[in-house]
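A, B, ... follow the sequence lines: proteins, then strands. Residue 1 opens every chain.
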Number of protein chains: 2
Amino acid sequence: MDEIKDFKDLLKKENLKCTKHRESILDVIDKAGQPVTVEAVYLKLKEQGVAISLSTVYRVLEALLGRGLVVKTSVNDDSKALFEINSMEHKHHFLCVKCRKMLPVDGCPLEDYEKALEEKLGFSIKGHKLEMFGYCRSCRYKDE
Amino acid sequence: MDEIKDFKDLLKKENLKCTKHRESILDVIDKAGQPVTVEAVYLKLKEQGVAISLSTVYRVLEALLGRGLVVKTSVNDDSKALFEINSMEHKHHFLCVKCRKMLPVDGCPLEDYEKALEEKLGFSIKGHKLEMFGYCRSCRYKDE
DNA sequence: ATTCATGCAAACGGTTTGCACGCAT
DNA sequence: ATGCGTGCAAACCGTTTGCATGAAT
């Protein structure tokens with residue numbers, strides 16, 4: 001329902017100048033609905049007729065990351081960084097190794113486990129990164 | 001107790017020619033006891049007086065990886081790849097963000113969770129990557 | 001008017017590769 | 001003797017940066 005996101009205010013709140021590029025980038029990432037590469041953002045913008053330089057995309061994402069507006073991820077078999085809107089809810093992703101879609105998975109099974117580990121091993125666990133992979137529902141029964 | 005590993009046989013079994021370099025590299029990784037960077041392996045060898053080229057380390061690790069003798073990892077905030085001996089047991093690591101040691105953690109809390117997810121979302125989960133970070137026991141109470 | 005954002009091209013750092021030579025089998 | 005392993009240097013690719021210009025406040 002809230003299709004028109006208030007990126008202007010979001011940027012203003014973070015003391016970032018509100019430029020066309022920054023708005024478009026936020027829009028592209030938001031609409032993607034899954035973690036996207038810098039290049040993907042760049043190409044999408046080009047496709048939309050936006051004249052922008054790749055380094056600007058890098059710099060804007062860096063700035064957004066610094067203010068916590070986006071989150072940076074990566075998958076182990078790929079060297080490229082991934083970005084997504086910071087939804088503020090703790091969640092993980094499932095990567096389909098066939099269609100390469102990344103599907104969000106709500107919740108997290110690690111809270112209790114980490115608490116137990118902290119007690120057992122004396123760690124102070126500050127965070128974790130969990131990424132699952134396999135076949136999604138629609139790719140599962142397709143042949144190779 | 002089994003300090004002398006039989007890397008020769010290991011290599012032979014995988015149809016890899018048994019060279020000094022390959023033995024030394026396996027030895028260095030094995031002795032490290034935690035995931036190590038390519039550069040670290042290279043420097044350790046130099047330190048031991050082994051004349052080797054960095055690209056050879058890369059190529060050997062690639063070969064070992066292909067035969068499953070080693071496992072490749074990475075941590076999200078670092079761009080370098082990490083390698084460790086493939087112990088064949090499913091385990092994860094805890095990275096201390098202060099001393100940068102990676103401590104192995106036996107077991108895995110995800111089996112049941114993944115089973116539940118598969119049923120709920122129709123995925124076929126083939127694997128996962130979990131990495132935890134925070135402060136280890138000895139760094140925990142040290143001041144910054 | 002000032003500050004910060006941007007484009008361009010060059011630099012960077014980890015990794016890969018082509019080629020000629022050398023060693024294990 | 002053959003094929004695979006290695007060293008060297010150059011290429012590669014994602015990312016970062018210096019500098020001069022342009023736009024938002």
Side-chain angles (χ1 to χ4, degrees), chain A residues 7-29 35-46 48-67 69-70 72-83, chain B residues 6-29 35-46 48-67 69-83:
Chain A
F7 296 134
K8 258 187 192 97
D9 284 12
L10 216 60
L11 289 167
K12 199 178 292 175
K13 205 186 306 173
E14 297 294 340
N15 293 316
L16 289 171
K17 276 184 183 164
C18 175
T19 68
K20 266 279 163 58
H21 285 162
R22 287 180 172 169
E23 283 189 84
S24 330
I25 289 175
L26 274 168
D27 186 61
V28 166
I29 299 186
V36 283
T37 64
V38 178
E39 198 192 10
V41 174
Y42 174 70
L43 292 176
K44 187 55 144 183
L45 289 171
K46 290 260 146 167
Q48 295 176 358
V50 178
I52 192 172
S53 123
L54 185 57
S55 59
T56 297
V57 182
Y58 274 104
R59 278 195 269 231
V60 169
L61 287 175
E62 169 85 24
L64 298 178
L65 182 66
R67 317 297 163 114
L69 299 186
V70 297
K72 189 175 182 178
T73 343
S74 70
V75 262
N76 55 356
D77 64 325
D78 199 352
S79 59
K80 303 180 198 166
L82 295 171
F83 291 86
Chain B
D6 219 340
F7 296 134
K8 256 185 194 100
D9 283 13
L10 217 59
L11 289 167
K12 199 178 292 176
K13 205 186 304 173
E14 297 295 340
N15 292 316
L16 290 172
K17 275 187 185 164
C18 175
T19 69
K20 265 278 162 60
H21 285 160
R22 288 179 172 168
E23 282 188 85
S24 331
I25 289 175
L26 275 169
D27 186 61
V28 166
I29 299 186
V36 283
T37 63
V38 177
E39 199 192 9
V41 173
Y42 174 70
L43 291 176
K44 188 53 143 184
L45 289 172
K46 289 261 146 164
Q48 296 175 358
V50 178
I52 192 173
S53 125
L54 185 56
S55 59
T56 297
V57 182
Y58 274 104
R59 278 194 269 229
V60 169
L61 287 174
E62 168 85 24
L64 298 178
L65 182 67
R67 318 297 163 115
L69 300 187
V70 297
V71 167
K72 190 176 181 178
T73 343
S74 69
V75 262
N76 54 356
D77 63 326
D78 198 353
S79 59
K80 303 181 198 167
L82 296 171
F83 291 86

OP1 or OP2 of [N] under 4.0 Å from side-chain N/O of [X]:
X: B:Tyr58; N: C:dT15; answer: yes
X: B:His21; N: D:dG5; answer: no
X: B:Arg22; N: D:dG5; answer: yes
X: A:Thr19; N: D:dA23; answer: no
X: B:Lys80; N: C:dG14; answer: yes
X: B:Ser53; N: D:dC8; answer: no

>> Can you give me the closest heavy-atom contact between B:His21 and B:Ala51, atom names plus distance?
In response: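 Result for this residue pair: NE2-O, 3.1 Å.
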>> Restricting to non-hydrogen atoms, name the atom on A:Phe7 and the atom on A:Glu23 that form the minimum distance, rounded to 0.1 Å.
In response: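 Looks like CD1-O, 4.1 Å.
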>> Are A:Val60 and A:Ile52 packed together at the side-chain level, in the sense that at least one heavy-atom pair is separated by less than 4.5 angstrom?
In response: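 No. Closest side-chain heavy atoms not under 4.5 Å.
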> Heavy-atom count around B:Lys46 NZ within 6.0 Å, excluding the residue itself: above 12?
Replying inline: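 Yes - once you tally the heavy atoms of other residues, nucleotides and ligands closer than 6.0 Å, there are more than 12.
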> Taking for each residue the nucleotide of DNA chain C with the nearest heavy atom, is it B:Ser79 or A:Ile52 whose nucleotide lies nearer the 5' end?
Replying inline: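 Residue closer to the 5' terminus by nearest nucleotide: A:Ile52.
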>> If you assign each of A:Ser55 and B:Cys18 to its closest nucleotide in DNA chain C, which residue comes earlier from the 5' end?
In response: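 That would be A:Ser55.
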> Which nucleotide sits closest to the side chain of A:Thr56: C:dT6, C:dG18, C:dT15?
Replying inline: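 The answer is C:dT6.
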Distance check needed: [N] [atom2] versus [X] [atom1], whole Å only.
X: B:Leu11; N: C:dT25; atom1: CG; atom2: C1'; result: 14 Å
X: A:Arg59; N: D:dG22; atom1: CZ; atom2: C1'; result: 13 Å
X: B:Lys12; N: D:dC4; atom1: NZ; atom2: P; result: 17 Å
X: A:Asn15; N: C:dC4; atom1: CG; atom2: P; result: 10 Å
X: B:Leu45; N: D:dT6; atom1: CG; atom2: P; result: 11 Å
X: A:Glu23; N: C:dA5; atom1: CD; atom2: C1'; result: 14 Å
X: B:Lys17; N: D:dG5; atom1: NZ; atom2: P; result: 6 Å
X: B:Glu62; N: D:dG5; atom1: CD; atom2: C1'; result: 14 Å

> For the atom pair CD (A:Glu39) and CG (A:Leu54), what is the distance rounded to the nearest 0.5 Å?
Replying inline: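 Atom-to-atom, A:Glu39:CD and A:Leu54:CG are 7.5 Å apart.
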>> Once you apply a heavy-atom cut-off of 4.0 Å, does A:Ala63 come out as touching a base, just sugar-phosphate, or nothing?
In response: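 Nothing, no nucleic acid heavy atom in range.
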